[in-house]
Amino acid sequence: MGQSALTFHPLTPERWGDFEALFGVRGACGGCWCMYWRLFRLAFSIGKGEGNRRAMQKLVRAGTEPGILAYDGERPVGWCAVAPREEYVRLTAARTLKPIDTQPVWSIVCLFVDKGYRRRNVSTELIRAAAAFACARGARIVEGYPYDYRGRVKHQPPPFVYTGLIQAFERAGFVEVARPSKSRAIVRLTRR
């Protein structure tokens, strides 16, 4: 698979089956269904699994396009959640991810890549597609919250770095604007 083989599409009701196929019976990571940032902790925990799947499907059926799917031909191989920051209520409770200024931003909060497609630059391509999607809908600033483990021995399994790695964002043209912790950065891409 070369990078040029990938195509990207917003998650719409017509593509729901592809989203389910990509996430599988486990809902990507432990029944999340990409609702972690959209719900406060208790609601998310109560809905783990089928409840979160139904909540995401309800959003999609209502016309919300909560992110971008990556395809290799007809096969869904990746996902990137992107929306205006205010749609992610959990960000308001995240100590280290508070807004750094008052500018309106769109946030990339989750990346999920099929196991067979990891380490193939799919995350970077998804980030680029998500930023283009947000900008086409009026975003001037797109923000991400990646982990930075460079120079450290620490290794996390891919599901536990769901906000992405800083290298993927940098390759997509994002720049670091804040460092709320040693391993977490806030990065931005600003449309000119």
Side-chain angles (χ1 to χ4, degrees), residues 1 3 6-11 19 22-24 26-30 32-38 44 56 65-72 76-85 87-91 93-100 105-135 139 141-191:
M1 178 211 75
Q3 290 175 357
L6 293 179
T7 58
F8 304 91
H9 300 280
L11 176 55
F19 183 70
L22 176 65
F23 273 40
R26 299 187 72 207
C29 185
C32 178
W33 290 98
C34 211
M35 291 301 294
Y36 178 83
W37 294 103
R38 290 182 172 274
F44 173 78
M56 177 58 83
E65 295 175 337
I68 300 293
L69 288 164
Y71 290 84
D72 181 10
V77 299
W79 162 255
C80 182
V82 60
R85 182 184 169 100
E87 289 187 24
Y88 298 120
V89 298
R90 195 92 172 248
L91 280 176
R95 272 185 310 115
T96 58
L97 301 178
K98 295 190 182 313
I100 60 170
V105 302
W106 279 54
S107 296
I108 292 175
V109 295
C110 184
L111 293 149
F112 180 76
V113 176
D114 179 90
K115 189 174 184 176
Y117 285 78
R118 293 178 188 153
R119 299 187 185 275
R120 295 186 184 189
N121 213 32
V122 174
S123 290
T124 297
E125 296 303 312
L126 270 165
I127 292 165
R128 285 185 182 126
F133 170 83
C135 290
I141 300 170
V142 183
E143 196 169 77
Y145 315 100
Y147 289 98
D148 184 356
Y149 294 130
R150 292 179 290 203
R152 296 174 190 206
V153 177
K154 184 171 184 153
H155 173 74
Q156 292 285 351
F160 296 103
V161 289
Y162 54 90
T163 59
L165 293 172
I166 195 166
Q167 299 92 315
F169 281 89
E170 289 172 343
R171 286 191 301 266
F174 284 67
V175 296
E176 185 174 328
V177 293
R179 181 58 71 136
S181 73
K182 287 181 181 179
S183 61
R184 179 73 74 137
I186 297 176
V187 295
R188 283 184 171 179
L189 181 72
T190 303
R191 185 176 71 176

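When reading the values below, keep in mind they use all heavy atoms of this one structure, side chains included, and skip hydrogens, waters and symmetry mates.
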Hey, what do you get for [atom1] ([X]) to [atom2] ([Y]), rounding to the nearest 0.5 Å?
X	Y	atom1	atom2	value
L11	L22	CG	CG	10.0 Å
R26	C32	CZ	SG	12.0 Å
F8	L69	CZ	CG	10.5 Å
F169	E143	CZ	CD	10.0 Å
L189	E170	CG	CD	12.5 Å

Taking the side chain as every heavy atom from C-beta outward, state whether [X] and [Y] have any atom pair closer than 4.5 Å.
X	Y	answer
P146	L165	no
V77	L6	yes
D72	D114	no
F112	C29	no

Non-hydrogen atoms of [X] and [Y] that approach each other most closely:
X	Y	value
F23	C34	CE2-N, 3.8 Å
V187	E176	CG1-CA, 3.8 Å
I68	A129	CG2-CB, 4.2 Å
R179	D148	NH2-OD2, 2.8 Å
S107	Y145	OG-OH, 2.7 Å
W37	V109	NE1-O, 3.3 Å

For the side chain of [X] and the backbone of [Y], is there at least one donor-acceptor N/O pair under 3.5 Å apart?
X	Y	result
Y88	A83	yes
R128	G173	no
R90	Y36	yes

So, applying side-chain contact (heavy atoms from CB on, under 4.5 Å) with F174, which one of I186, I108, I166 is it? I108

Quick check with a 6.0 Å cut-off and a 45 degree axis cone: is R184 positioned over the face of Y147's six-membered ring? yes

Does atom CZ of R191 have more than 12 heavy-atom neighbours, drawn from other residues, nucleotides or ligands, at distances under 6.0 Å? yes

